[in-house]
Visitor: 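Next up is a structure, given as structure tokens.
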Amino acid sequence: MSGSLLEIKKKIKGVNNTRKITKAMQLVAASKMKYFQDKAVTSKDFVSELLQILEKNINEELENTYTEQREEGKVLFVLYTSDKGLCGPLNTKLINCLFRSNRWNELNNDERMLITIGKKSKAFADNNKIKTEKDFVGIPEKINHLDALKIVEKIISLWQKKEVKEVVFIAPHYKNSFTNYPVMKTFLPFSEKEIRKNLGLIKEQENSEEHKEGNNFMIFEPSPEVVLNRIYEFTIQAVFISSFLELKASEYSSRMIAMQNATDAADKMIGELKRTFNKARQAAITQEIAELIGASMALED
């Protein structure tokens with residue numbers, strides 16, 4: 001019986017140590033989530049402003065490679081996942097959002113192209129023998145424009161070489177600390193319809209022409225074509241950074257919830273082990289008392 005009690009005490013100690021780790025990870029994740037939450041909200045507002053500028057300036061008379069509607073070329077999918085685990089079903093949802101979608105499965109292997117962001121998506125592609133055009137892992141959490149440019153340049157180069165006809169981002173949409181879900185967004189080619197979708201303006205606006213006429217007072221230097229071309233490239237970079245920040249905010253919020261659930265499960269397990277320990281200890285005490293009484297009665301006889 002003493003051996004059983006020692007075993008239970010070791011289990012309680014082990015679970016308690018695990019609880020300390022999960023609790024610490026929960027607090028760290030909550031702190032980082034707050035940081036990336038603020039950054040993600042700010043970046044979304046910035047991207048929204050850029051997309052509104054493009055919406056007002058898209059003009060069929062101004063030829064631009066980023067608004068070109070193509071019939072030939074592959075569809076480029078950019079899949080975002082985290083580098084680390086322990087963040088609940090976040091990565092699984094993102095991976096399933098792409099690889100179980102009709103948009104992916106209806107294309108042949110020679111009609112699609114994949115770029116992965118994060119170790120989890122790369123590992124999934126490698127394990128399932130899915131060819132990737134490029135994979136990026138270990139992106140700094142405090143990403144800057146130089147880090148983003150290395151990835152965005154790859155996307156832009158594939159578009160400018162006319163190897164792809166469409167660029168689709170698969171990333172989490174961060175709504176609040178407890179709600180995020182994967183979304184599939186088309187960013188190239190730019191069009192008023194896709195811009196409105198990305199802005200959340202699902203309903204078609206009747207006064208879109210008035211928005212365009214509102215920019216007649218603007219002076220473009222050196223030319224509208226050059227200025228808009230730079231705005232398109234800057235928007236792609238801003239969208240990438242915004243999606244990455246939403247990924248990190250979703251990752252830490254999911255990790256915070258996962259670690260909170262793990263801590264609660266550890267508390268429950270500790271409670272059950274303590275009850276088991278108390279029952280075993282009581283049984284051992286009862287047995288010792290019975291043995292003492294039996295020994296005493298035998299001596300009297």
Visitor: Examine Phe244 together with Tyr80 and report whether their ring centres are nearer than 6.0 Å.
Guide: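 No: the rings miss the under 6.0 Å criterion.
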Visitor: Carefully, step by step, assess Val168 and Lys185 under the rule side chain to side chain contact (heavy atoms under 4.5 Å, CB included).
Guide: CA-CA 5 Å; Val168 181; Lys185 305 176 184 179; 5.9 Å; no
Visitor: Compute whether any side-chain donor of one residue and acceptor of the other, for Thr22 and Thr263, lie under 3.5 angstrom apart.
Guide: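 Yes, a side-chain donor-acceptor pair sits under 3.5 Å.
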Visitor: Is any side-chain heavy atom of Ile117 closer than 4.5 Å to a side-chain heavy atom of Phe240?
Guide: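 SC-SC contact between Ile117 and Phe240 confirmed.
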Visitor: Is the shortest heavy-atom distance from the side chain of Thr116 to the side chain of Val78 under 4.5 Å?
Guide: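 No, every pair of side-chain atoms sits at 4.5 Å or beyond.
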Visitor: For the pair Thr286 (side chain) and Gln282 (backbone), establish whether a donor and an acceptor sit closer than 3.5 Å, ignoring hydrogens and angles.
Guide: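 Here the side-chain-to-backbone pair exists.
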Visitor: So do the side chains of Glu272 and Arg275 get within less than 4.5 Å of each other, counting heavy atoms only?
Guide: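 Yes, their side chains come closer than 4.5 Å.
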Visitor: If you apply the rule side chain to side chain contact (heavy atoms under 4.5 Å, CB included), what do you find for Leu247 with Leu94, and how did you get there?
Guide: CA-CA 10 Å; Leu247 168 69; Leu94 289 166; 4.1 Å; yes
Visitor: Is there a path from Leu245 to Val183 through hydrophobic residues (I, L, V, M, F, W, Y) whose side chains come within less than 4.5 Å of each other?
Guide: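 No, separate clusters.
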Visitor: Would you check if Met113 and Leu107 make a side-chain contact, meaning some heavy-atom pair closer than 4.5 Å?
Guide: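 No. Closest side-chain heavy atoms not under 4.5 Å.
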Visitor: Evaluate the salt bridge (Lys or Arg N to Asp or Glu O under 4.0 Å) criterion for residues Glu251 and Lys248: first the C-alpha distance (whole Å), next the side-chain angles of each, then the deciding distance (0.1 Å), finally the verdict.
Guide: CA-CA 5 Å; Glu251 176 186 348; Lys248 301 309 292 184; 2.7 Å; yes
Visitor: I'd like to check Ile155 versus Leu76 (side-chain heavy atoms, cut-off strictly below 4.5 Å). Are they in contact?
Guide: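 Yes. Closest side-chain heavy atoms under 4.5 Å.
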Visitor: So if you build clusters from Ile, Leu, Val, Met, Phe, Trp, Tyr with side-chain heavy-atom gaps below 4.5 Å, do Ile257 and Tyr35 land together?
Guide: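 Yes, one cluster joins them.
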Visitor: Once you round to the nearest 0.5 Å, how far does CG of Leu27 lie from CD of Gln260?
Guide: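 Rounded to the nearest 0.5 Å, the CG-CD separation comes out at 10.0 Å.
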Visitor: Show, in sequence, the C-alpha distance, side-chain angles and deciding distance for Leu98 and Phe77, and conclude whether the side chain to side chain contact (heavy atoms under 4.5 Å, CB included) test is met.
Guide: CA-CA 8 Å; Leu98 173 59; Phe77 296 93; 3.5 Å; yes
Visitor: Find the distance between OG (Ser31) and CD (Gln26) and round it off to the nearest 0.5 Å.
Guide: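 Going from OG on Ser31 over to CD on Gln26, the span is 12.5 Å.
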Visitor: How about Phe124 and Phe99: do any of their side-chain heavy atoms sit closer than 4.5 Å?
Guide: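 They are in contact (side-chain heavy atoms under 4.5 Å apart), so the answer is yes.
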Visitor: Just how far is it from atom OH of Tyr181 to atom SG of Cys97, taken to the nearest 0.5 Å?
Guide: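 Reported value, rounded in 0.5 Å steps: 11.5 Å.
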Visitor: How long is the span from the CG atom in Asn109 to the CG atom in Leu114, to the nearest 0.5 Å?
Guide: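 Reported value, rounded in 0.5 Å steps: 11.5 Å.
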Visitor: So with a 6.0 Å cut-off around CD of Gln69, is the heavy-atom count from everything else above 12?
Guide: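 For Gln69, atom CD is crowded (more than 12 foreign heavy atoms under 6.0 Å).
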Visitor: Closest approach of Arg112 and Asn105, non-hydrogen atoms and distance?
Guide: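 Of all heavy-atom pairs spanning Arg112 and Asn105, the closest is NH1-CA, 4.2 Å.
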Visitor: Can you tell if the side chain of Phe277 reaches within under 4.5 Å of the side chain of Lys9, non-hydrogen atoms only?
Guide: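 With C-beta onward as the side chain, the pair touches.
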Visitor: Which heavy-atom pair separates Ala266 from Arg19 by the least distance, and what is that distance?
Guide: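 Reported closest heavy-atom pair: CB-CB, 3.7 Å.
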Visitor: Let's go through Val137 and Lys122 carefully: what are the C-alpha distance in whole Å and the side-chain angles of both, what is the deciding distance for side chain to side chain contact (heavy atoms under 4.5 Å, CB included) to 0.1 Å, and is it a yes or a no?
Guide: CA-CA 8 Å; Val137 298; Lys122 179 182 182 301; 3.9 Å; yes
Visitor: Could you report the tightest heavy-atom contact between Gly118 and Asp83, atom names first, then the distance?
Guide: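 Closest heavy-atom pair between Gly118 and Asp83: CA-OD1, 3.2 Å.
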Visitor: What is the distance from atom CD of Glu106 to atom OG of Ser101, rounded to the nearest 0.5 Å?
Guide: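 It is 8.5 Å, given to the nearest 0.5 Å.
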Visitor: When you compare the side chains of Thr276 and Arg281, does any donor N or O come within less than 3.5 Å of an acceptor on the partner?
Guide: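 No, no side-chain donor-acceptor contact under 3.5 Å.
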Visitor: Is there a donor-acceptor pair closer than 3.5 Å between any side-chain N or O of Ser254 and the backbone N or O of Ser250?
Guide: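 Here the side-chain-to-backbone pair exists.
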Visitor: Taking atom CG of Leu158 and atom NZ of Lys74, what is their separation to the nearest 0.5 Å?
Guide: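 With rounding to 0.5 Å, CG (Leu158) is 9.5 Å from NZ (Lys74).
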Visitor: For the backbone of Ile12 and the side chain of Asn16, can you confirm whether one donor and one acceptor N or O come within less than 3.5 Å of each other?
Guide: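 No, because the side chain of Asn16 does not come within donor-acceptor range (under 3.5 Å) of the backbone of Ile12.
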Visitor: Flag yes if Leu90 and Met259 sit in one hydrophobic cluster, no otherwise; membership is Ile, Leu, Val, Met, Phe, Trp, Tyr, and two members link when side-chain heavy atoms are under 4.5 Å apart.
Guide: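 Hydrophobic grouping puts Leu90 apart from Met259.
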Visitor: For the pair Asp264 and Lys268, find out whether any cationic side-chain nitrogen is under 4.0 Å from an anionic carboxylate oxygen.
Guide: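 Result for this pair is no, no salt bridge flagged.
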Visitor: If I compare all heavy atoms of Glu166 with all of Trp159, which pair ends up nearest, and what's the gap?
Guide: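 What the structure gives for the nearest pair is N-CZ3, 3.7 Å.
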Visitor: Shortest non-hydrogen contact from Ala249 to Gln37?
Guide: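 Heavy-atom minimum between the residues: CB-N, 4.1 Å.
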Visitor: Please name the pair of heavy atoms, one in Pro189 and one in Lys165, separated by the smallest distance, quoted to 0.1 Å.
Guide: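 Heavy atoms only, the tightest pair is CD-O, 3.6 Å.
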Visitor: For Asn91 and Thr81, what are the C-alpha separation, side-chain angles and deciding distance, and is it a side chain to side chain donor-acceptor pair (under 3.5 Å)?
Guide: CA-CA 6 Å; Asn91 293 315; Thr81 58; 4.6 Å; no
Visitor: Side-chain contact, heavy-atom cut-off 4.5 Å: Glu111 with Val75?
Guide: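 When only atoms from C-beta onward are counted, Val75 and Glu111 do not touch, as no gap falls below 4.5 Å.
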Visitor: Check the hydrophobic clustering (I, L, V, M, F, W, Y; side-chain heavy atoms under 4.5 Å; chains of links allowed) and say if Trp104 and Met184 are grouped together.
Guide: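 Yes; Met184 is reachable from Trp104 via cluster members.
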Visitor: In terms of hydrophobic clusters joined by side-chain contacts under 4.5 Å, are Met33 and Ile139 together?
Guide: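 They do share one cluster, since a chain of ILVMFWY contacts under 4.5 Å joins Met33 to Ile139.
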